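To start, the structure under review is shown below, and the notes come after it.
Remember, it's a predicted structure, so these values are computed and weren't measured experimentally. For ligands, and for the atoms within them, numbers begin at 1 and follow the listed sequence.
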Amino acid sequence: MSLPPGSTIGIIGGGQLGRMSAMAAARLGYRAHIFTPEPDSPAALVAAQTTVAAYTDQAALKIFAATVDVVTFEFENIPATSLQLLTSLKPVHPSAEVLAISQDRLAEKAFLNSIGVPTAPYAAVESEADLAAAIATLGLPAVLKTTRLGYDGKGQAMLRTQHDAAAAFAALAPKPLVLEGFINFACEISVIVARSADGSIASFDPVENRHKHHILDLTLAPAPLPLEILAEATRLGRLIAEKLNLTGLLAVEMFVTATGTLLVNEIAPRPHNSGHWTLDACPASQFEMHIRAVAGLPLPPASRHSDAVMKNLIGPDDMADWPAIVATPGLIPHHYGKTVARPGRKMGHINRLFPKGSLPGDFGIMDALKYRD
Ligand code: AMP
């Protein structure tokens, strides 16, 4: 059943992902109702309606549910009890089960391995004794991570020697933790897949992601890798979406090893920063696919008409260049409407398109992203 225009899509979370989903919803004739604890959120600025309340506020969640036709989210760390309440009142896509897997790195890795999807080797760590045992098995270097609530490199520590172990264990919370073998990857890629309730799937081309200070800096679309690797990445993305019985959008982050093997690092059942290039290089962006999947509309092919590079605009330094960016022909600017540019905060992004098949090499990309002086 597809939702008719005029229906209301409830979106949990008020960040830029909610903002761009709300804009895609509006284009399809839907109203977006945002639920966020944050006043003046980026999404609220473009939505038909906003509820400002804590994610644990059961009374507010009930009123929110009464005003919407379907619930989705742009933010994964919704308390389980709140999700249960919403699920009892309205359709929630993706489901609480999918969210529970993606909220917990241990559940996520166990699920991926159970369906034959490779990950970094890992071990659960609840105590210092567990950590010592895990180091003995996985070796060093290794990466110690919280199982929940980590993002942009927060909630993790690199262990290079035994001496790093005790301090990292003490510093990371909440427990339990997970120790992952260190992957000496050649590059990082991601795939974004949309899946409808009827099982139809649309997958965007895999892209390469480059980080600076643990925050996504550049996305190259498509990833400049051999076709077999791209095909395997797509196969894994589709398989995960199918096995999750997903309705909605899923981003799958992977490491590519020097020998071309793929290991899945993380999955996120929502729009993803590495899909922002689709806003300008594809007829239907990841945000439109997200809304279509949760509203029950048909999914068009996730084809791209252009190659693209996306650059994130982070914090006050990048935003100081905003006047130059909007003055530079060829750069497609996206601003998230945030008024305060704290260091490390994602403020916007720019896309640059290239004719299909002509994504330049590193120097060409740097040149193409230069702002006018
Ligand atoms: P995550 O929070 O899991 O997305 O990790 C953030 C970043 O840390 C990744 O994008 C990688 O660059 C790096 N990283 C995470 N896990 C590993 C690992 N097991 N081996 C090597 N690098 C990692």
Side-chain angles (χ1 to χ4, degrees), residues 15 17 74-77 99 101-113 117-125 130-131 134-161 164-165 168-169 171-192 206-220 223 225 233 236-237 240 250-276 310-312 314 344-346:
L17 302 176
E74 60 110 47
F75 162 85
E76 283 143 275
N77 294 313
L99 217 68
I101 291 173
S102 72
Q103 281 176 342
D104 180 324
R105 289 186 195 269
L106 282 169
E108 184 175 278
K109 285 183 170 46
F111 165 75
L112 292 169
N113 292 171
V117 173
T119 61
Y122 72 97
V125 171
D130 288 348
L131 181 55
I135 291 173
T137 314
L138 300 174
L140 290 173
V143 187
L144 188 62
K145 300 181 181 178
T146 56
T147 53
R148 294 176 164 270
L149 306 176
Y151 70 99
D152 287 348
K154 295 186 173 64
Q156 58 178 279
M158 174 86 157
L159 309 186
R160 291 173 209 281
T161 71
D164 298 333
F169 181 84
L172 291 173
K175 308 284 191 291
L177 307 175
V178 56
L179 187 71
E180 294 179 17
F182 179 79
I183 308 300
N184 192 10
F185 55 78
C187 67
E188 294 184 83
I189 63 171
S190 59
V191 180
I192 294 177
V207 296
E208 179 180 344
N209 299 316
R210 298 189 184 168
H211 297 83
K212 235 193 225 171
H213 312 300
H214 294 290
I215 301 173
L216 183 66
D217 176 37
L218 288 180
T219 293
L220 279 50
L225 289 171
L236 292 174
I240 297 166
L250 179 78
V252 181
E253 296 179 38
M254 307 176 198
F255 299 129
V256 184
T257 68
T259 53
T261 306
L262 298 179
L263 301 171
V264 171
N265 176 37
E266 254 192 322
I267 63 174
R270 52 164 174 77
H272 194 259
N273 196 166
S274 69
H276 291 359
M310 188 280 316
K311 181 174 168 45
N312 265 342
I314 310 282
R345 194 170 192 211
K346 291 176 180 166

Q. On the ring face of Tyr122, is Lys145 found with NZ or CZ under 6.0 Å from the centre and within 45° of the axis?
A. no
Q: Using atom types as modelled and distance alone, determine if a side-chain donor or acceptor of Arg105 lies under 3.5 Å from a backbone N or O of Thr146.
A: yes
Q.
So, taking the atom named CD in Glu108 and the one named OG in Ser102, what distance separates them when rounded to the nearest 0.5 Å?
A. 6.5 Å
Q. Is a side-chain donor-acceptor pair under 3.5 Å present for Asn113 with Thr119?
A. yes
Q) Quick one: do the Gln156 and His214 side chains pair a donor with an acceptor below 3.5 Å? A) no
(Q) Nearest non-hydrogen contact with atom 18 (C) of ligand 1 belongs to which option: Asn184, Leu144, Thr119, Val143? (A) Val143
Q: Check if Gly181 has a non-hydrogen atom at a distance under 4.0 Å from any atom of ligand 1.
A: yes
Q | Basic-acidic side-chain contact under 4.0 Å: Arg210, Glu188 | A | no
**Q.** Ligand-residue contact atoms, ligand 1 with Asn265, heavy atoms, under 4.0 Å
**A.** 1 (P), 3 (O), 4 (O), 5 (O)
Q: Could you check which of Lys145, Gln156, His211 puts a non-hydrogen atom nearest to atom 6 (C) of ligand 1?
A: Gln156
Q. Between Ile240 and Val117, is any pair of side-chain heavy atoms under 4.5 Å apart?
A. yes
Q) If you measure from each non-hydrogen atom of Arg105 to ligand 1, which part falls under 4.0 Å: side chain, backbone, both or neither? A) side chain
Q) Relative to ligand 1, is Ile183 under 4.0 angstrom through side chain, backbone, both or neither, heavy atoms considered? A) both
(Q) Quick check: Phe182 and ligand 1, any N/O pair under 3.5 Å apart? (A) no
(Q) I'd like to check which ligand 1 atoms, numbered from 1 as shown, lie under 4.0 Å from a non-hydrogen atom of Glu188. (A) 9 (C), 10 (O), 11 (C), 12 (O)
Q) Quick check: does His214 get an N/O under 3.5 Å from an N/O on ligand 1? A) no
